[in-house]
Amino acid sequence: MKARWLRSNTGALAATIERMAAGDSFYIATPIFYVNDVPHIGHAYTEVAADVLARWHRQRGEDTWLLTGTDEHGQKILRTAVANDTSPQAWADKLVENSWKPLLETIDIRNDDFIRTTEERHETAVATFLQKLYDDGHIYSGEYEGYYCVGCEEYKQLDDLITTEDGDYSGQLVCAVHGRPVELLKEKNYFFRMSAFEKPLLDLYESNPNFVQPPSVRNEIIQFVKQGLADLSISRSSFDWGVKVPWDHSHVVYVWFDALLNYISAIGYGVDDEQFERRWPAVQLVGKDIARFHAVIWPAMLMAAGLEVPRAVFGHGWLLVGGEKMSKSKLTGIAPNQITDTFGSDAFRYYFLSAITFGQDGSFSWEDLSARYQAELANGFGNLASRVTAMVTRYFDGEIPAAGALTHADELIYTTAKRVTEEAGIAIDAFAIHDALATIWQLVDALNGYITDQEPWALAKDDANRERLETVLATAVHGLGTLAVLLSPVLPKATERLWKAIGGLGPIEAQRIDLAWEWIGGPRVSPLDTSLFPRIEVEETV
Ligand code: MSP
């Protein structure tokens, strides 16, 4: 038994070393969040998805890096600070320390770095980048006249605006996203020659169909660029909360131009070539509302600077409330800890990633969350873990038995474990996190069915069935081990407990996920003192 166990783990180690030596690098970044307000579950959704992908790749032995952070410049933050009688820096410091960094704890994000756009490392990189574009002729001075939405921090075309009939802004031109009036700007600005990148961008979308995903977002981006790209105003001179344009200190850099550069400033652009080479290019996860910035402006900026474009830009859907995007400005934001305080961070992570097809919009409801918690986590997975560990304790005094001759039913568990391991990995590579979870759940269901059919409690009544009982429980523990490893990116806390309970060695997050099916059991189990997902009374939550 021990020899087999060691063999499988030595195999995993060898594969890890091989992957590291091959230099597989996986750098994933979330958007950086505006600090004008506190986080809601829509923001937490982007974070959790990126964290699950990062954890998965890390457990494949890839050289993984997860970056997140905060977007602190621009008029939106400046106005919020002024409205709160404070300076933008003091406001940002307070929000970052009291709200945004604590969010990462609340939902169990294991990020490798946190970048703030007010940090010196970032501001220096922005200046270096801009100066290079200026020196290379990609920037010119001109006059901007047009509409601006401070909520979006974006220049708007007439198509993006609507005239409202009702409410406070009746008869005015308002932004279709925020429902607030836009402002007419007339300023001397610096412009980035983005129009020059129209053809290279269309070639990029054509030659690399996976550059923008999913297809709905890709099509929208292609249509947008095909309509023709204008040059982009990249500086503002009417306020000073931003990075100064290096050759003209009377201007600050446009907040999106500044913010997009976080993805490279955080990995040493211009100062640490080794780190930059090791990480870049990144996989970028963004909400579909900001896909244009990431799939049009950002690659154009990178092309101008002679840098590689991101590996992929994936635009996920929105969490909806009453059919509309959840947002603080519409007072529909739900704070993540409203959910985690009752259900825990694992359930939060699992719920949003399993209930919503990644890439599509999804509605949140307390009823759906409660029902899935109970059916899938408490009854499906948690109960399976409790039953199997309790039976090994009871019938074998905690020592995990070795499997004897396998029947068809036993073999099916081993082959299902292998199949779901492989299929879940393929789904993750396609950003289909919900599919990966549904696939893994086939093993949860298969194991529950197996236990019901094999009736180990009945086998235990007769010593003549001892060998069969050994095989059934060894097979069940094997399945649990596979589940613990496969689910660890999504349910890090529960799977760590399960891993310890079934005698897994070392931290669960060090286990190879692509070899999850190889694990055949530690020496001993120790029963779970409380269920992985305790019962929650619905009344408490609504
Ligand atoms: N600061 C910019 C991003 C700059 S990246 C260089 C920004 N910040 S944000 O705080 O408004 O939004 C951050 C992320 O949260 C975006 O990906 C956005 O799509 C996501 N979400 C905000 N509300 C959301 C929902 N209701 N549902 C899902 N995601 C949502 O944009």
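These numbers come from a predicted model, not from an experiment. The first residue of the sequence shown is numbered 1, and numbering continues consecutively from there. First listed ligand is number 1; within each ligand, the first listed atom is number 1.
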Among Phe33, Trp100, Tyr263, Phe257, which one has a heavy atom closest to atom 5 (S) of ligand 1?
Tyr263
Please answer whether the main-chain N or O of Phe358 pairs with a side-chain N or O of His434 as donor and acceptor at a distance below 3.5 Å.
yes
Among all the protein's non-hydrogen atoms, which is closest to atom 26 (N) of ligand 1, and how far away is it?
Met326 O, 2.9 Å
Atom 9 (S) of ligand 1: closest protein heavy atom, distance to 0.1 Å, is Tyr34 CD1, 3.7 Å
Taking the basic N atoms (NZ, or NE/NH1/NH2) and the acidic carboxylate oxygens, is any pair closer than 4.0 Å for Arg116 and Asp93?
yes
For ligand 1, the portion of Trp256 having any non-hydrogen atom under 4.0 Å away:
side chain
Using modelled atom types and a 3.5 Å cut-off, is there a donor and acceptor pairing between side-chain atoms of Tyr254 and backbone atoms of Phe191?
no
Region of Leu319 engaging ligand 1 - heavy atom pairs below 4.0 Å:
both
Note the single closest protein heavy atom to atom 3 (C) of ligand 1, along with its residue, its atom name and the distance in Å.
Ile32 O, 3.1 Å
Main-chain N/O of Glu47 paired with Asp51 side-chain donor or acceptor, under 3.5 Å:
no
Do me a favour and list the nearest non-hydrogen protein atom to atom 17 (O) of ligand 1 with residue, atom name and distance?
Gly287 N, 2.8 Å
How far is atom 20 (C) of ligand 1 from its nearest protein heavy atom, and which residue and atom is that?
Thr46 OG1, 3.8 Å
Using atom types as modelled and distance alone, determine if a side-chain donor or acceptor of Trp256 lies under 3.5 Å from a backbone N or O of Trp298.
no
Is it the side chain, the backbone, both or neither of Lys288 that has a heavy atom closer than 4.0 Å to ligand 1?
neither
Whether Glu220 and Lys288 form a salt bridge (side-chain N of Lys/Arg under 4.0 Å from carboxylate O of Asp/Glu) is what I want to check.
no
